[in-house]
*Asks:* 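Just dropping this structure here.
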Amino acid sequence: MVAPYHVNGSPFGDWDGTPAGARLLQRELAKQVSLIDDFPPLRTIAGVDVGFEEGGAVTRAAAVLLDAETLQPIAEHLVRVPTSMPYIPGLLSFRELPAVLQALSGLPHAPDLVFCDGQGIAHPRRLGIAAHLGVVSGLPTIGVAKKILVGTHEELGTSRGDQVDLVYQGEVLGTVLRSKDGVRPLIVSPGHRVSLASAPLLVMTCVTRYRLPEPTRLADRLASRRAAGR
DNA sequence: GCGACAG
DNA sequence: ATCTTGTCGC
């Protein structure tokens, strides 16, 4: 017997609480994902990420709002909620999305685009956390991951800006992108309302002197309770 | 059946 | 993700 996890209502619809039910729901929600660029001129961009405390008992979700022009933080919001589900590869959004949505709603206003830590459509059922977040929030989203979940790719150049397609089941689902000379590449994939071609361009637009784009880096820092680094 | 496996 | 100090390299 599989132990059912707590259901909230909003991000999971009528999920039955089982991993099998979660996978079915992902296939349904994936049909609502749009890979066509559909976002306003970028004025603000948000970065969201999750961290844990108390040995995993408490989930910390952080949302940071940045000025799209200067990449400087405008506002940030942090929430702490009891962890409701264990980490299961492929079902990350069911563990982190509730907290992420709360963190996002705590910002002074909705962003024009959201950078999410993890995969967009580069997922077994085309619904990584960034795509899931996009569908349930209606916001344009991009997934920026540090590792590949699924898919393969050709050799990648070693210079900043070099990129190659991430292919899975004969389909291009994302981009393996070298954000800085010599660093491990980022795995970028559209979440919602962003095209495969635009995603890496938008990410590079937010990269300054670090491997991670600013929205992701700042949210990551806040969620992991770390300090700044001048 | 055997490995792989975002955070 | 998290547990954790110093250390190697640009």
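Protein chains get the first letters and strands the later ones, always in sequence-line order, with residue 1 at the start of each. Keep in mind the model is a prediction, meaning the values are calculated, not measured.
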*Asks:* Using side-chain heavy atoms (C-beta onward) and a distance below 4.5 Å, is L113(A) in contact with V194(A)?
*Replies:* yes
*Asks:* Need one value for G128(A): base, sugar-phosphate or nothing, where a base atom within 4.0 Å counts as base even if backbone is also close, heavy atoms only.
*Replies:* base
*Asks:* What is the distance from CD of E54(A) to C1' of dA1(C), rounded to the nearest Å?
*Replies:* 15 Å
*Asks:* Give the rounded distance in Å between these two atoms: OH of Y210(A) and P of dC10(C).
*Replies:*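 So the two atoms are 20 Å apart, to the nearest Å.
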*Asks:* Let me know the distance between CG of L91(A) and P of dA1(C), rounded to the nearest Å.
*Replies:*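 Going from L91(A) (CG) to dA1(C) (P), I get 18 Å.
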*Asks:* Base, sugar-phosphate alone, or nothing: which one does I187(A) contact when heavy atoms must sit under 4.0 Å apart?
*Replies:*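 No contact at all - I187(A) keeps every heavy atom at 4.0 Å or more from the nucleic acid.
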*Asks:* Rounded off to whole Å, could you give me the CZ-to-C1' distance for the R211(A) and dC10(C) pair?
*Replies:*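 That distance rounds to 17 Å.
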*Asks:* So what does G90(A) hit on the nucleic acid, given a heavy-atom distance under 4.0 Å: a base, only sugar-phosphate, or nothing?
*Replies:*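 Result for G90(A) = base.
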*Asks:* If we ignore angles and hydrogens, is there a donor and acceptor under 3.5 Å between the side chains of S198(A) and D37(A)?
*Replies:* yes
*Asks:* Using a 6.0 Å distance limit plus a 45 degree cone around the ring axis, check whether R217(A) lies over the aromatic ring of Y210(A).
*Replies:* yes
*Asks:* Quick one: pull up CD1 in I187(A) and CD1 in I148(A) and give me the separation to the nearest 0.5 Å.
*Replies:* 4.5 Å
*Asks:* Taking only side-chain nitrogens and oxygens of K147(A), does any of them come within less than 4.0 Å of OP1 or OP2 of dA4(B)?
*Replies:*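 Looking at the OP1 and OP2 atoms of dA4(B), neither is under 4.0 Å from any side-chain N or O of K147(A).
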*Asks:* Separation of R225(A) atom CZ from dC3(C) atom P, in whole Å?
*Replies:* 9 Å
*Asks:* Mind calculating the distance between CD (E53(A)) and P (dT2(C)) to the nearest angstrom?
*Replies:* 9 Å
*Asks:* Centroid distance below 5.5 Å plus an interplanar angle below 30 degrees: do Y87(A) and dG7(B) meet both conditions?
*Replies:*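 Check passed, Y87(A) stacks on base of dG7(B).
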*Asks:* Rounded off to whole Å, could you give me the CZ-to-C1' distance for the R23(A) and dC5(B) pair?
*Replies:*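 About 12 Å, once rounded to whole Å.
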*Asks:* What's the CG-C1' distance between L173(A) and dA6(B), to the nearest Å?
*Replies:*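 Computing the L173(A):CG to dA6(B):C1' distance gives 14 Å.
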